[in-house]
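We name chains A, B, ... by the order of the sequence lines, and we start the count at 1 in each one.
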Protein chains: 2
Amino acid sequence: MGAMLQLKDLPDALILGKFADRYGAVDVDAVLQFLSILRIGTDLSEALDGFLARRGLLQGRWWVLILLMREDDLTSTPSELAEKSGVSRATMTRLIDGLARDGLVKRLGDRSDRRKYSIRLTAAGQARLDEVMPEYYPRVKRMMKVLSAAQREQLLQNLLLLKERSKVFQ
Amino acid sequence: MGAMLQLKDLPDALILGKFADRYGAVDVDAVLQFLSILRIGTDLSEALDGFLARRGLLQGRWWVLILLMREDDLTSTPSELAEKSGVSRATMTRLIDGLARDGLVKRLGDRSDRRKYSIRLTAAGQARLDEVMPEYYPRVKRMMKVLSAAQREQLLQNLLLLKERSKVFQ
DNA sequence: TTGACATAGTTAGCTACCTAACTATAATGG
DNA sequence: CCATTATAGTTAGGTAGCTAACTATGTCAA
């Protein structure tokens with residue numbers, strides 16, 4: 001996935017006015033709100049990232065472990081993992097390299113198709129999740145509780161509308 | 001800025017139930033909503049990223065050019081740019097390397113303090129912005145118009161509340 | 001049955017982010 | 001006035017993402 005804007009210094013209305021002189025009428029509110037949404041998304045993501053990093057995981061690795069734990073035999077393939085976590089196969093190769101190096105997953109050959117191999121969650125990998133998840137879930141609950149169920153519903157609804165309309169950038 | 005989750009495969013309620021067996025009561029709605037918010041943030045960011053990439057810019061570089069254009073003399077320093085765009089000085093060094101290589105900015109010595117130097121937006125850099133910005137602003141406007149002013153106001157309000165509460169991850 | 005195409009994974013080389021350690025210069029205070 | 005501390009920028013080495021090109025294997029159809 002691409003990196004996300006980290007603007008600590010959003011433009012104020014004055015600056016946007018100056019840009020408008022060059023580029024014509026600008027919907028100042030729309031621009032400020034759009035950039036703010038991107039920035040808050042970054043902030044939330046970084047909050048989670050810091051939490052995971054302090055527990056020896058990073059977002060990409062954490063998600064791979066979770067995907068493996070979902071499987072009944074704790075096993076999957078690089079392609080499947082790449083597709084489910086939404087990264088390229090090349091990126092997944094490197095994530096697995098790091099996880100295998102740390103002993104959190106293990107590569108296992110596949111007899112039926114020699115192009116493939118399997119990735120299995122190890123006991124150490126499960127143990128790492130067992131440290132993280134019982135701290136993760138209550139925090140998410142505590143955070144989301146700041147909004148009522150109806151508010152959360154509406155927030156998602158509106159974000160989804162924006163996402164659909166983000167086609168304008170195509 | 002850190003990378004953001006790219007989960008294409010959010011857990012369903014069944015899977016979260018399985019996890020609950022191991023980790024105790026989980027607020028399934030809260031977790032799904034939180035992950036969805038992160039994911040939509042990524043999607044919006046990637047939409048902008050793709051738009052910029054097709055015009056020869058990436059988010060980090062685009063923002064540096066904009067920060068320079070805001071200045072009356074089109075000039076700033078690496079430290080200032082790093083602080084305003086929220087990246088480390090090391091990252092800014094590399095962004096400037098790339099921009100200077102492409103001729104979009106220029107490094108200029110500083111007589112008064114020989115540790116410093118200035119970065120100035122070049123004519124080519126201004127031209128690049130002049131290609132991008134007149135296409136950027138109307139698109140943002142068109143996208144945000146899917147929500148009423150009141151809805152946008154409320155969306156921001158609720159996101160800000162979540163951001164404040166993201167302290168739970170500290 | 002073999003030649004063409006498809007699939008699985010890796011490698012190489014790029015961007016962009018980080019921290020920590022480094023160099024050079026400036027500022028300050030005994 | 002010089003030793004310490006602070007500041008500006010770079011470098012080194014790490015993670016995480018991408019595309020494109022590659023190897024190896026499997027599949028399928030003429």
Side-chain angles (χ1 to χ4, degrees), chain A residues 1-8 42-43 45-46 48-50 52-54 56-65 76-102 104-105 107-119, chain B residues 1-8 42-43 45-46 48-50 52-54 56-65 76-102 104-105 107-119:
Chain A
M1 157 193 76
M4 197 164 178
L5 267 186
Q6 268 219 316
L7 348 157
K8 299 292 187 212
T42 300
D43 291 338
S45 179
E46 285 182 350
L48 173 61
D49 232 8
L52 292 173
R54 284 188 292 280
L57 283 176
L58 299 166
Q59 276 188 49
R61 296 183 177 201
W62 175 63
W63 200 248
V64 171
L65 296 185
S76 187
T77 65
S79 294
E80 262 180 41
L81 292 170
E83 212 233 327
K84 287 181 178 173
S85 45
V87 302
S88 66
R89 296 199 315 270
T91 297
M92 187 51 63
T93 293
R94 298 213 173 164
L95 284 175
I96 291 169
D97 284 346
L99 287 166
R101 192 195 53 210
D102 295 352
L104 304 180
V105 305
R107 284 183 161 100
L108 302 171
D110 182 311
R111 279 190 203 99
S112 66
D113 184 339
R114 280 189 299 179
R115 291 171 304 181
K116 288 190 188 175
Y117 62 82
S118 300
I119 308 297
Chain B
M1 159 191 78
M4 198 166 180
L5 267 185
Q6 269 219 315
L7 347 157
K8 301 290 186 216
T42 300
D43 291 339
S45 179
E46 285 182 351
L48 173 61
D49 233 7
L52 292 173
R54 282 187 293 279
L57 283 176
L58 299 166
Q59 275 188 51
R61 295 183 177 200
W62 175 64
W63 200 246
V64 171
L65 297 185
S76 186
T77 64
S79 295
E80 262 180 43
L81 292 170
E83 213 233 328
K84 287 182 178 172
S85 45
V87 302
S88 67
R89 294 198 314 268
T91 296
M92 187 51 62
T93 293
R94 299 214 170 164
L95 283 175
I96 291 169
D97 285 347
L99 287 167
R101 192 195 52 210
D102 294 353
L104 305 180
V105 305
R107 285 182 161 100
L108 301 171
D110 183 310
R111 280 191 201 99
S112 66
D113 184 338
R114 281 190 299 179
R115 292 170 304 182
K116 288 189 189 176
Y117 63 82
S118 299
I119 307 296

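- Side-chain contact between A/Val64 and A/Met92: present, with at least one pair of heavy atoms (C-beta onward) separated by less than 4.5 Å.
- For B/Arg54, there are no salt bridge (charged side-chain N to carboxylate O under 4.0 Å, His left out) partners two or more places apart in sequence or in a different chain.
- Nearest-nucleotide mapping onto DNA chain D: of A/Ser112 and B/Arg107, the residue sitting toward the 5' end is B/Arg107.
- Separating the CG atom of B/Leu52 from the P atom of D/dC18 is a distance of 18 Å, rounded to the nearest angstrom.
- The side chain to side chain contact (heavy atoms under 4.5 Å, CB included) search around B/Leu108 returns B/Lys106, B/Ser118, B/Arg120, not counting sequence neighbours.
- Scanning for salt bridge (charged side-chain N to carboxylate O under 4.0 Å, His left out) contacts around B/Arg107 gives B/Asp97, with sequence neighbours left out.
- Here C/dT15 presents its C1' atom at 10 Å from CG of B/Asp49, a figure rounded to the nearest Å.
- Remark: B/Arg94, B/Leu95 in residues 93-100 of chain B come within less than 4.0 Å of DNA chain C through at least one heavy atom.
- In plain terms, the two heavy atoms of A/Ser88 and A/Ala82 that are nearest each other are O-CB, 3.9 Å.
- Between D/dT7 and B/Ser79, no contact under 4.0 Å exists linking OP1 or OP2 to a side-chain N or O.
- In this structure, the CG atom of A/Leu81 is 13 Å from the P atom of C/dA8, given to the nearest Å.
- Of the two residues near DNA chain D, A/Ala90 and A/Leu57, the one whose nearest nucleotide lies more 5' is A/Leu57.
- Here A/Ile119 contributes atom CD1 and A/Leu65 contributes atom CG; the two are 11.5 Å apart, rounded to the nearest 0.5 Å.
- Between the P atom of D/dA8 and the CG atom of B/Leu108 lies a distance of 18 Å, rounded to the nearest Å.
- OP1 and OP2 of C/dT25 both lie 4.0 Å or more from every side-chain N or O belonging to B/Tyr117.
- Listed by chain and number, the residues in a salt bridge (charged side-chain N to carboxylate O under 4.0 Å, His left out) with B/Arg115 are B/Asp113 (sequence neighbours excluded).
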Using a cut-off of under 3.5 Å, enumerate the N/O to N/O pairs linking the protein to nucleotides 1-7 of chain C.
unit_1 : atom_1 : unit_2   : atom_2 : d
C/dT7  : O2     : A/Arg115 : NH1    : 2.7

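- Rounded to an integer number of Å, the gap from B/Met92 CE to D/dT10 P is 11 Å.
- Per the geometry, CH2 belonging to B/Trp63 stands 16 Å off P belonging to C/dA16, to the nearest Å.
- Look at CD on B/Glu80: it is 15 Å from P on D/dT7, rounded to the nearest Å.
- A/Arg89 is not listed as a side-chain neighbour of A/Pro78, based on a closest heavy-atom distance of 4.5 Å or more.
- OP1 and OP2 of D/dG17 both lie 4.0 Å or more from every side-chain N or O belonging to A/Ser88.
- Dashed line: the shortest gap from a side-chain N or O of A/Arg89 to OP1 or OP2 of D/dA21 is not under 4.0 Å.
- Side-chain contact between B/Trp62 and B/Leu48: present, with at least one pair of heavy atoms (C-beta onward) separated by less than 4.5 Å.
- For B/Lys116 and C/dA26, the NZ to P distance is 11 Å, given to the nearest whole Å.
- A 4.5 Å side-chain heavy-atom check between B/Leu104 and B/Leu57 finds at least one atom pair inside the cut-off.
- Side-chain proximity of B/Asp113 to the nucleotides D/dG17, C/dC18, C/dT25 is greatest for C/dT25.
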